[in-house]
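Every chain is numbered from 1 and lettered A, B, ... according to where its sequence line falls, protein lines coming before strand lines.
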There are 2 protein chains.
Amino acid sequence: MNSSSEYLIKKLSQKSLRFSFQRMKILEYLYQHESSHPDAEEIYESLSNIIPGLSKTTIYNTLHSFVNAGLVQAVDIENSETRYELSASRHGHFICKQCGVIHDFDIDIDMIVVKELAQFQVEEKDVYFRGLCPNCIRIQNETTNTIKNKKKEAQDES
Amino acid sequence: MNSSSEYLIKKLSQKSLRFSFQRMKILEYLYQHESSHPDAEEIYESLSNIIPGLSKTTIYNTLHSFVNAGLVQAVDIENSETRYELSASRHGHFICKQCGVIHDFDIDIDMIVVKELAQFQVEEKDVYFRGLCPNCIRIQNETTNTIKNKKKEAQDES
DNA sequence: TTCTAAAGTTGTAATGATTACAATTTATCC
DNA sequence: GGATAAATTGTAATCATTACAACTTTAGAA
Ligand SMILES: [Mn+2]
Ligand SMILES: [Mn+2]
Ligand SMILES: [Zn+2]
Ligand SMILES: [Zn+2]
C-alpha cells in the first residue's frame with residue numbers, strides 16, 4: 001500500500017466513511033481527474049477495468065455518501081447527467097455548448113450579497129456560464145472561412 | 001377574441017411562430033403564472049382541462065419552439081424537471097430545498113466579468129442559489145421548539 | 001376562395017440517468 | 001473469532017424527455 005493510498009484512507013476515515021476498495025478507487029479517480037468533472041458513467045467505465053464485477057449502483061451509492069459527507073460536490077450544469085468533483089474552494093463553472101468541456105473559473109461568490117434574500121437562508125450558490133470554448137470558436141471560424149472561400153471560388157469561376 | 005388574445009397572437013407573430021390554439025394557451029399560461037416557474041407537467045395538467053386531447057408532446061414541442069425563438073427561458077435549477085418562464089431581464093433564482101418554491105431575485109450578472117474567460121464566448125450566465133425559504137425556516141424553528149419543550153417537560157417530571 | 005406545402009399535433013414506443021430493493025458480502029467493533 | 005451494521009451487487013422500476021410516423025392545421029400562392 002503506497003503513501004497516496006494511505007492519504008485516501010485517512011480522508012475517508014476523517015469523514016467517518018467506512019473503508020472499501022471500491023470507495024478508495026472512486027476517491028482516487030476523483031483526485032486524478034480534478035478538472036474533468038466526471039459523471040457516474042465515466043467513473044464506472046474506467047474502474048470496471050480495475051475492479052471486475054463493479055456495480056454501477058456502487059458508484060451512485062458511493063458518490064451520494066461522499067456528497068453527503070461533504071467530501072465531493074455535485075455539478076448540475078447539464079440537465080442530463082450529474083458530474084462530480086472533489087470539494088474545493090467555491091468556483092464558477094463554464095460549459096461549452098459545442099463540445100461539453102467544463103472549465104472552472106475563480107469568482108468571489110460570497111461577494112454576491114442579495115438584499116432581497118435577507119429573510120432566506122442561502123446554503124449554496126452556483127454560478128453556471130454557457131457558451132463556446134476557445135477551441136470550438138476556432139473550429140467554427142475555420143468552417144466559416146472555408147464556406148466563404150468556396151463561395152468566392154464559385155463567383156470567380158462565373 | 002379578447003384583447004389579451006390579440007396581444008398573445010401578436011407576440012407569436014413577432015417571433016415568426018405560427019399560430020395554434022395550443023400555442024396560444026401555453027403562452028397565456030406562462031403569462032398568468034409569471035413567478036411560479038411551471039414545468040411541462042404542470043402546464044399539461046392545467047391545459048388538459050381546457051384542451052381535450054392535448055398531448056404532452058405538444059407541450060414539449062411548443063416549449064422548445066418558444067425557447068428557440070427566445071420568447072421563453074428554461075430554468076434548470078432542479079436536476080429533475082426543467083421549469084419555464086417568459087424571457088425577462090436576467091435575474092437569479094433561489095430554490096427552497098424543503099418546499100421547492102422558486103424565488104426570483106435581482107442580480108447584476110453582467111457586472112460579473114471573469115478575466116479567466118476572456119478567450120471564451122459566454123452566451124448565458126445562470127446564478128442559482130439553494131437553501132431555505134422564510135416559511136420553511138419558520139416551520140423548522142417551530143418544530144425545534146416543540147421538541148425542546150417536550151424534553152423540558154420530561155425533565156421537569158423526573 | 002381553393003389548393004398545397006410546410007409546419008404543428010397526437011399517441012405510442014423508446015431512451016437513459018437514476019433509484020428501489022433484496023440477497024450477499026464485508027468492515028468494524030467487542 | 002463472532003455479531004452487527006453497513007457496503008456491494010444485480011435486477012427491476014421510475015420518470016422526464018425524445019423519437020417517430022400518421023394525421024391535421026396553418027399560411028401563403030394561385
Ligand atoms: Mn469545478
Ligand atoms: Mn425567474
Ligand atoms: Zn468546446
Ligand atoms: Zn420552503
Quick one: side chains of residues 96-103 of chain B, donor-acceptor pairs under 3.5 Å with protein atoms, not counting sequence neighbours, listed by atom name and distance.
from: K97(B); atom 1: NZ; to: E123(A); atom 2: OE1; distance (Å): 3.2
from: K97(B); atom 1: NZ; to: E124(A); atom 2: OE2; distance (Å): 2.7

Q: Give a yes or no on whether Q119(A) atom CD has more than 12 heavy-atom contacts from other residues, nucleotides or ligands under 6.0 Å away.
A: no

Q: Over all heavy atoms of both residues, which pair between I107(A) and G92(A) is shortest? Give the atoms and the distance, please.
A: CG2-N, 3.5 Å

Q: Just jot down the side-chain contact (heavy atoms from CB on, under 4.5 Å) partners of R18(A), sequence neighbours excluded, or say none.
A: R23(A)

Q. Between F105(A) and F94(A), is the ring centre distance below 6.0 Å?
A. no

(Q) Can you measure E78(B) atom CD to dT17(D) atom P for me and round it to whole angstrom units? (A) 10 Å

Q: Give the rounded distance in Å between these two atoms: CD of Q22(B) and P of dA7(C).
A: 18 Å

Under 3.5 Å, which N/O atoms of the protein pair with N/O atoms of nucleotides 27-30 of chain C?
from: dA27(C); atom 1: N3; to: R18(A); atom 2: NH1; distance (Å): 3.4
from: dT28(C); atom 1: OP1; to: F19(A); atom 2: N; distance (Å): 3.2

Q. The helix from dT1(C)-dA30(D) to dC30(C)-dG1(D): angle between its terminal axes, five pairs each, to 10°?
A. 30°

Tabulate below the donor-acceptor pairs under 3.5 Å that side-chain atoms of residues 58-79 of chain A make, not counting sequence neighbours, or state none.
from: N61(A); atom 1: ND2; to: T57(A); atom 2: O; distance (Å): 3.4
from: T62(A); atom 1: OG1; to: T58(A); atom 2: O; distance (Å): 2.7
from: H64(A); atom 1: ND1; to: Y60(A); atom 2: O; distance (Å): 3.3
from: S65(A); atom 1: OG; to: N61(A); atom 2: O; distance (Å): 3.1
from: D76(A); atom 1: OD1; to: T82(A); atom 2: OG1; distance (Å): 2.8
from: D76(A); atom 1: OD2; to: N79(B); atom 2: ND2; distance (Å): 3.4
from: E78(A); atom 1: OE1; to: R83(A); atom 2: NH1; distance (Å): 3.4
from: N79(A); atom 1: ND2; to: D76(B); atom 2: OD2; distance (Å): 3.4

Q: Would you kindly give the CG-to-P distance between L63(B) and dT9(C), to the nearest whole Å?
A: 11 Å

What are the atom names and distances for every N/O pair under 3.5 Å that joins the protein to nucleotides 15-19 of chain C?
from: dT18(C); atom 1: OP1; to: T82(A); atom 2: N; distance (Å): 2.8
from: dT18(C); atom 1: OP1; to: T82(A); atom 2: OG1; distance (Å): 3.3
from: dT18(C); atom 1: OP2; to: Y60(A); atom 2: OH; distance (Å): 2.6
from: dT19(C); atom 1: OP2; to: H64(A); atom 2: NE2; distance (Å): 3.1

Q. Hey, is R138(B) close enough to E142(B) for a salt bridge, meaning N to O under 4.0 Å?
A. yes

Q: Describe the nucleic acid contact of N79(B) in one word from base, sugar-phosphate, nothing, applying a heavy-atom distance below 4.0 Å.
A: nothing

Q) What residues, two or more places apart in sequence or in another chain, satisfy salt bridge (charged side-chain N to carboxylate O under 4.0 Å, His left out) together with D39(B)? A) none

Q.
Strictly by ring pair (Phe, Tyr, Trp, His ring centres under 6.0 Å), give each pair with a member in residues 22-46 of chain A just once, sequence neighbours left out.
A. Y7(A)-Y31(A), Y29(A)-H33(A), H37(A)-H93(A)

Q.
Test of understanding: with side-chain hydrogen bond (donor to acceptor under 3.5 Å, both in side chains), list the residues that count as partners of K25(B), not counting sequence neighbours.
A. E28(B)

Q. Tell me: CD1 of I59(B) to C1' of dT10(C), nearest whole Å?
A. 12 Å

Q. Residues sharing L132(A)'s hydrophobic cluster, by side-chain heavy-atom contacts under 4.5 Å among ILVMFWY, directly or via others?
A. I137(A)

**Q.** Spacing between L27(A) atom CG and dA7(D) atom P, to the nearest angstrom
**A.** 15 Å

Q. Under 4.0 angstrom, heavy atoms only, what part of the nucleic acid is S65(A) near: base, sugar-phosphate, or nothing?
A. nothing

Q.
For I9(B) versus M24(B), what's the shortest heavy-atom pair and its separation?
A. CG1-SD, 3.9 Å

Please list, for nucleotides 13-15 of chain D, all pairs of protein and nucleotide N/O atoms separated by less than 3.5 Å.
none

(Q) Tell me whether T143(B) contacts the main-chain N or O of I139(B) through its side chain, where contact means a donor paired with an acceptor under 3.5 Å. (A) yes

Q) Quick one: K15(A) NZ to dA6(D) C1', roughly how many Å, whole number? A) 20 Å

Q. Got a sec, which pairs hit salt bridge (Lys or Arg N to Asp or Glu O under 4.0 Å) with one end in residues 100-109 of chain B, sequence neighbours left out?
A. none

Q: Figure out the CG/P separation between L12(B) and dG8(C), and round it to whole Å.
A: 11 Å

**Q.** Distance, rounded to the nearest Å, where N68(A) contributes CG and dA6(D) contributes P
**A.** 14 Å

